[in-house]
Amino acid sequence: MTSAYRLSFTTGGLLLAQGVTAARVMLTEPDVSRARALLEADNRVQQRTAASTKRVTHEVVQRVAMLPRSGLELLAGGSVEESRHLMWLAACLRYQFLADFGRDVVRERYAAGAALTIADLDTFWDTQSSWIDALRDAKPSTRVRLRSNTFQMLREAEFLDASGLILGAFLSSSVVGVVSACGFDAFRFFPLNDSQVAAYAARKDTVL
């Protein structure tokens, strides 16, 4: 999947409110194109211009569409905290860059009790760019925007505080069920240590 790195998440952050709105529409209209048209026609993502409405609608639908049906249902009717976790999951499922960064860097820094810094992302980018063309060929401005938006998303998911300290994820049973439906490795997108990942994956009360 690393060969299919997408770098289009340059603005918007986690898109939490927009994701909840999109999930509610997509539960009744599962066709992605039709759901996108409905959201865009009424500007349900609440943007100021037609261009931004189109852009944000397309982006949020692409992310939310990555979730299983159980994820859509929970996103549409769950708590704010659950919605944050699901929108981070959706973003990681959509963007391999975020999935790899969450798994390989955020989790490592969390386990070490260390703060997450811009230098950590830059080191990850430089390492990955040695064999991933999309990163190597990206414009410097794209790198800056992706760096900013990645940290914004982590803060909005409440995985990162103002000082850069990584906050562990406490997943509800319902969220655990959705993550499980996406595969074991999806637990590693979250700031969880290995024992926490194993404990969540082994839970018997998950809602699938």
For [X] and [Y], test the side chains for any donor-to-acceptor distance below 3.5 angstrom and give the result as yes or no.
{"X": "Thr53", "Y": "Asn43", "answer": "yes"}
{"X": "Asp120", "Y": "Thr117", "answer": "yes"}
{"X": "Tyr5", "Y": "Asp133", "answer": "no"}
{"X": "Glu82", "Y": "Ser172", "answer": "yes"}
{"X": "Ser180", "Y": "Tyr200", "answer": "no"}

> Checking side chain to side chain contact (heavy atoms under 4.5 Å, CB included) for the pair Met87/Val60: CA distance, chi angles, key distance, verdict?
Replying inline: CA-CA 9 Å; Met87 287 306 292; Val60 74; 4.3 Å; yes
Would the distance check show the side chain of [X] and the main-chain N or O of [Y] forming a donor-acceptor pair, the cut-off being under 3.5 Å?
{"X": "Ser52", "Y": "Thr49", "result": "yes"}
{"X": "Arg136", "Y": "Ser129", "result": "yes"}
{"X": "Ser148", "Y": "Val144", "result": "no"}

> Under the salt bridge (charged side-chain N to carboxylate O under 4.0 Å, His left out) criterion, do Arg84 and Glu156 qualify, and how do the steps go?
Replying inline: CA-CA 7 Å; Arg84 290 191 185 102; Glu156 291 178 358; over 6 Å; no
Is any side-chain heavy atom of [Y] closer than 4.5 Å to one of [X]?
{"X": "Arg63", "Y": "Phe9", "result": "yes"}
{"X": "Leu154", "Y": "Trp88", "result": "yes"}
{"X": "Arg107", "Y": "Asp194", "result": "yes"}

Say you draw a straight line from [atom1] of [X] to [atom2] of [Y]; how long is it, rounded to the nearest 0.5 Å?
{"X": "Gln128", "Y": "Gln96", "atom1": "CD", "atom2": "CD", "value": "9.5 Å"}
{"X": "Tyr110", "Y": "Leu167", "atom1": "OH", "atom2": "CG", "value": "8.5 Å"}
{"X": "Leu72", "Y": "Leu27", "atom1": "CG", "atom2": "CG", "value": "5.0 Å"}
{"X": "Leu146", "Y": "Arg6", "atom1": "CG", "atom2": "CZ", "value": "14.0 Å"}
{"X": "Leu15", "Y": "Gln62", "atom1": "CG", "atom2": "CD", "value": "12.5 Å"}
{"X": "Arg69", "Y": "Leu74", "atom1": "CZ", "atom2": "CG", "value": "13.0 Å"}

>> Please tell me whether Trp125 and Phe97 form a close aromatic pair, meaning their ring centres lie under 6.0 Å apart.
In response: yes
> What ring pair (Phe, Tyr, Trp, His ring centres under 6.0 Å) pairs are there with at least one residue in residues 68-87, not counting sequence neighbours?
Replying inline: His85-Phe159
